[in-house]
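To start, the structure under review is shown below, and the notes come after it.
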2 protein chains.
Amino acid sequence: MTKPTTISVLAETLRKQSSLSEKKIAKVVAAYKPFPTKHNQVLVRKGDIAKYLYFVEKGYLRVFVTDASGNQFTRFLIEGGMEGTAFPSFISQKISSASVQCVGKAEVLRISYDELQKLYQAVPEFERLYRKVIEMAYVSSIHRIETLISMNSRERYLQLLKEKPKWFQQLPANVIAEYLGITKETLSRLKSAK
Amino acid sequence: MTKPTTISVLAETLRKQSSLSEKKIAKVVAAYKPFPTKHNQVLVRKGDIAKYLYFVEKGYLRVFVTDASGNQFTRFLIEGGMEGTAFPSFISQKISSASVQCVGKAEVLRISYDELQKLYQAVPEFERLYRKVIEMAYVSSIHRIETLISMNSRERYLQLLKEKPKWFQQLPANVIAEYLGITKETLSRLKSAK
DNA sequence: TGATTTTGTTGACATTTATCAACAGCTAAG
DNA sequence: CTTAGCTGTTGATAAATGTCAACAAAATCA
């Protein structure tokens, strides 16, 4: 079990990204509960409803889908300081087509859908903040679509290497490959070709 | 010149997707101005700042990027009843990497970034509605990412044919191909292979 | 620690898709 | 009507990427 040792990252992030008072930050932080996870633990299973939004204190979560042959494809990687879940399921509270899993060990906080609605009432400015979170996530997904439709695997690899060098140190290669939309063999060859 | 003949689609859409009063719907509709367009007119040029959000009354807009060799890639297609623009530029009010263009003839309304902020003040519920628009756009972009990383061109083609059969009747094949992330030759072959 | 599973690399080959070129059909303009 | 341009199709070929298999290295667990 990896127990959260601290919940400071969320508070820090709120201070940086919003102008919420310390009191309100405390309210928000209190609404997110530390959730102990095991190595590679699955947080949302395909077919479940995503009931929680997860804030990553440390490590990574991956959101992935599987095809008929059981191949996995990583839709998103959520790194420390970011939050996410199987989003389409979370906002609609309907069955998820994707799964969410810890990559190795991760420390996360979570807030339920219902608690989040209550938080909007308690801290109205939080709703605007949430909108910003969505906007940012949307912008980064647009960026992702662009690279997927306009670049070949080598260009995507080099771009990610430039934008997220840490990922290559901290994440297993097959996860990176799934994220890039290529096989682990192709990624391995791109690395050695440099 | 294609002059908007009606602005009913926006009002209709607002009635369906929100519980705004008729008075407030009128306010919102009044804030969107008809913008006459020419055949294939470019609304946002790469390098510009996207100053307007466009609502499509009729026809289609395409949001596309170009690579170094001048190849074009369609990031999004905005159909009648939807709104959009070069979104990352619009929300940040920074230079756009993408262009927005009418596909053939289109009838559009537009609202400036500043007007939109004013509209939030005048009609507070509109802000929540806007958040929903973003959420939906985000969800559809997630869907797009999934298909791009997990399906080959034939699977993507068949899925689009199923989800958006009208597009194949109303849009030129090269635009569809760009949207699917394949060449027009490959699309042509997929069609004939069936 | 040693055993076992996971992860990463490499090779041979197959498949998918892009590129380049030629051409037919259609449309718009003079 | 005729020409020029645009759109879509088809063929030949090349390039990119996936698949399958074998193996090496590393991490995990009992």
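In this text the structure is predicted, and so the values were computed from the model without any measurement. Atom set for the values below is all heavy atoms of this structure, side chains included, hydrogens, waters and symmetry mates excluded.
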(message) Can you measure D67(A) atom CG to dT19(D) atom C1' for me and round it to whole angstrom units?
(response) 14 Å
(message) Please tell me if T183(A) has a side-chain N or O lying less than 4.0 Å from either OP1 or OP2 of dT17(D).
(response) no
(message) Determine whether a donor-acceptor pair (one donor, one acceptor, N or O, separation below 3.5 Å) exists between the side chain of R189(A) and the base of dG11(C).
(response) yes
(request) Using whole Å, report how far NZ of K105(B) lies from C1' of dT27(C). (result) 12 Å
(request) Decide whether a cation-pi geometry holds between R144(B) and Y179(B); the criteria are a distance under 6.0 Å from NZ or CZ to the six-membered ring centre and an angle within 45° of the ring axis. (result) yes
(message) Let me spell it out: for each of K184(A) and V175(B), pick the nucleotide of DNA chain D with the closest heavy atom. Which residue's pick is nearer the 5' end?
(response) V175(B)
(message) Please report the interatomic distance CD(E178(B)) to CZ(R62(B)), rounded to the nearest 0.5 Å.
(response) 4.5 Å
(message) Can you measure L187(A) atom CG to dT19(D) atom P for me and round it to whole angstrom units?
(response) 15 Å
(request) Return the value, rounded to whole Å, for the distance between atom CG of L180(A) and atom P of dG8(C). (result) 13 Å
(request) Tell me whether the OP1 or OP2 atom of dG8(C) has a side-chain N or O from N174(A) closer than 4.0 Å. (result) yes
(message) What is the distance, to the nearest angstrom, from the CG atom on L148(B) to the P atom on dT16(C)?
(response) 18 Å
(message) Has E57(A) got a side-chain atom pairing as donor or acceptor with L10(A)'s backbone, closer than 3.5 angstrom?
(response) yes
(message) Heavy atoms only, 4.0 Å cut-off, all strands: where does G181(A) land among base, sugar-phosphate and nothing?
(response) sugar-phosphate
(message) Let's see if you can work this out: which of dG8(D), dT28(D), dT7(C) has an atom nearest to the side-chain heavy atoms of H39(A)?
(response) dT28(D)
(request) Give a yes/no answer on whether the side chain of S153(B) brings an N or O atom under 4.0 Å of OP1 or OP2 in dT16(C). (result) no
(message) Donor-acceptor check, side chain of T85(A) to backbone of Y52(A), threshold 3.5 angstrom: yes or no?
(response) yes
(message) Both R156(A) and E185(A) contact DNA chain D. Taking the nearest nucleotide for each, which residue is further toward the 5' end?
(response) R156(A)
(request) For Y157(B) and dG8(D), give me the distance from atom OH to atom P, rounded to whole Å. (result) 13 Å
(message) Taking any heavy-atom pair under 4.0 Å as a contact, classify I182(B): base, sugar-phosphate, or nothing.
(response) sugar-phosphate
(message) Whole angstroms only, please: what is the CE-P distance between M151(B) and dT16(C)?
(response) 16 Å
(message) Is T186(A) close enough to dG18(D) that one of its side-chain N or O atoms is under 4.0 Å from OP1 or OP2 there?
(response) yes
(message) If we ignore hydrogens and angles and just use 3.5 Å, is the side chain of Q17(A) paired with the main-chain N or O of L14(A) as donor and acceptor?
(response) no
(request) May I have the distance from L190(B) (atom CG) to dT9(D) (atom C1'), rounded to whole angstrom? (result) 13 Å
